[in-house]
Amino acid sequence: MPENEAKFLLVLFMLFILIPFPAGADFAQVTVGNDVSGKVARPGDLVEFSFTVEKGYNTSESTSVTFFVEKVPENWTAGIYANGNQVSQITLPEEADERELTLKVRVPENAKDEEYPIKIGLRPYGESIRNYDKIYQEFTVTVDRNAMPNLEIYSDIPGKKTHPGIPVSFGAFVENKYESRVNFQINLVSKPEKWGVDLLSTDGSRVTRLGVPGEGNQQFNVLVNPPLNATEGDYEILVAACPEKSNQSVLLPLSVTINPELAKNEDLSAYVEFNSSIVGLAIRPEKTAEFAVSLRSRYDQPLKLNLEVLSQPEGWNTEFVTDDDEDERLSSFILAEGEEQIFIVKVKPFQNATSGLYPITVAAVNGDRTVSRQLEVNINNNLENAELLKIDSSPNEFTLNPGSSFEVRVNVENRGNEPMEDVTLEINEVTGITSQIQGFGTVDELEAGESKTIPVEITANANAGSGVKEIFIRAKSDDLVSSEKSIKVNVEKSSSSGLLGIGMLGFAILVLVFVVRKFGRR
């Protein structure tokens with residue numbers, strides 16, 4: 001081959017390998033993939049399409065992509081979102097090969113029923129990009145006013161029975177079939193005249209809107225309160241849910257059946273049991289009697305019951321409190337079908353009440369029907385408080401020299417059936433004797449049947465005279481006081497201490513004589 005021809009072929013080969021060729025599908029910098037490119041919607045809907053941007057060939061380099069909406073129907077809005085934020089460009093880092101994105105399209109409320117194409121464009125960019133060709137992807141939205149909306153509203157129990165004046169509650173759910181979170185308006189469409197209807201969140205607050213996660217649901221409650229004069233029959237309540245920026249609502253019909261009042265020839269005791277395991281208590285007049293009582297429903301529907309005191313002695317006070325919180329007063333409640341309500345009846349006698357048996361009648365009332373229970377309080381002024389709160393000491397008698405101390409162990413015992421709080425010791429003052437309660441000297445809580453020991457240090461002062469000193473100790477908790485416990489302290493000056501004092505005096509005189517003789521005359 002001639003030399004010139006060979007050089008010519010070599011130049012052609014170099015030019016060939018340097019010529020940039022249009023990138024085909026197999027060599028594109030990025031590719032776009034999506035499973036669904038067409039959806040049916042109603043006017044006002046927000047339509048979402050998911051698609052994936054992926055590196056087109058095996059590369060470890062970071063790749064950036066810019067987005068734009070190429071084609072959208074007039075008065076429509078569209079945007080591309082990543083992780084809930086609208087984006088115009090993204091970067092696929094070296095360690096990531098793909099990214100999932102969402103095209104969100106808002107359909108106008110006046111859109112006509114037909115097919116609408118939406119086209120988006122993508123273009124890679126960056127220093128390492130040699131091919132800047134645009135990539136297009138087309139989606140289609142078919143508007144159909146008769147299409148099913150992407151939400152549902154329902155109740156597990158859409159129909160209930162009740163009595164006039166007795167509220168009834170429905171649990172309702174809004175289900176969001178969109179892929180992203182949507183705010184829904186909740187409206188009461190219709191109700192019977194003079195009926196009360198509240199739309200409530202699960203924590204009891206009134207709601208008009210609910211935010212529901214994508215492909216999730218949110219619960220709310222519909223509280224229906226029929227009037228006292230509601231007549232027998234079936235009544236409908238209509239509730240609607242509607243996505244914001246849309247006029248397409250979904251309705252939830254609820255049915256309430258009003259039954260007549262309780263049978264006029266039946267006493268309330270036929271529907272409600274009023275029980276108390278203890279109907280009589282013996283107390284002192286300064287104490288409070290507490291009865292645990294219960295109301296159990298034997299009816300197949302809820303009943304509203306008011307709690308009342310039908311009779312009690314003059315000057316006495318009776319109140320109803322919850323079983324777990326004595327500060328929460330009860331006056332009425334709804335007793336559901338088959339439910340049992342337990343509460344406490346607290347009876348505070350007149351402080352100067354004399355000994356005797358006193359009846360108190362309490363009742364649950366529904367309209368003009370009553371179920372009652374009689375309780376009895378036995379006032380016993382001779383009931384010894386000391387038997388309930390008792391103290392003892394060890395020892396009961398001991399001897400001290402002036403200036404010395406001894407620790408006495410005082411035992412405090414709760415012999416009652418209820419816990420006692422802030423149990424303290426009280427000690428009388430005795431001349432020449434000092435008493436010091438060790439620690440704080442208070443028992444915060446002493447359970448029924450429990451006992452605790454409190455140390456008390458007793459000291460005979462240096463100037464205490466000889467003889468027997470008597471100390472009285474008692475325990476106290478609120479109005480409850482124990483009997484006094486006597487402790488005898490025998491103060492005596494020991495003979496050894498007297499001889500020691502005489503010896504010390506003699507030794508001092510001898511020292512003084514020695515000093516005078518040695519240094520006094522010079």
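This chain uses plain numbering: 1 for the first residue, then up along the sequence. Quick caveat: nothing in here was measured; it's all calculated off a predicted structure.
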Undergrad: With the side chain counted from C-beta on, respond yes when P227 and W195 share a heavy-atom pair under 4.5 Å apart, and no when they do not.
TA: yes
Undergrad: Do you know the tightest heavy-atom contact between P302 and I334?
TA: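 P302 and I334 have their closest heavy atoms at CB-CG2, 3.8 Å.
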Undergrad: Considering residues, nucleotides and ligands other than L238, do more than 12 of their heavy atoms fall under 6.0 Å from its CG?
TA: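 Count over threshold, so yes.
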Undergrad: Looking at P192 and E236, what are the two nearest heavy atoms and their distance?
TA: CD-O, 3.5 Å
Undergrad: Near K160 NZ, under 6.0 Å, is it more than 12 heavy atoms from other residues, nucleotides or ligands?
TA: yes
Undergrad: Kindly check if the number of other-residue, nucleotide or ligand heavy atoms within 6.0 Å of NZ (K71) is above 12?
TA: no
Undergrad: Which heavy atom of F51 sits nearest a heavy atom of I120, and at what distance?
TA: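 Closest pair (atom of F51, atom of I120, distance): CZ-CD1, 3.9 Å.
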Undergrad: Any side-chain heavy-atom pair from Y299 and V272 closer than 4.5 angstrom?
TA: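 SC-SC contact between Y299 and V272 ruled out.
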Undergrad: With heavy-atom distances below 4.5 Å as the criterion, would you say the side chains of V141 and F139 are in contact?
TA: no
Undergrad: With a 3.5 Å distance limit and no angle check, can you tell me whether N275 reaches the backbone of S294 through a side-chain donor-acceptor pair?
TA: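 Such a contact is absent between N275 side chain and S294 backbone.
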Undergrad: Minimum heavy-atom separation for V321 and R329, please, with both atom names.
TA: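 Heavy atoms only, the tightest pair is CG1-NH1, 3.5 Å.
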Undergrad: Would you indicate whether the side-chain heavy atoms of N83 and R99 approach each other to under 4.5 Å?
TA: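 In short, these two side chains touch, coming nearer than 4.5 Å.
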Undergrad: For the CD atom on E115, are there more than 12 heavy atoms of other groups (residues, nucleotides or ligands in this structure) within a distance under 6.0 Å?
TA: no
Undergrad: Can you name the closest pair of heavy atoms from W316 and P349 and give their distance?
TA: CD2-CA, 3.5 Å
Undergrad: Taking all heavy atoms of N176 and all of P213, pick out the closest pair and write down the distance.
TA: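 So the two residues come closest at ND2-O, 3.1 Å.
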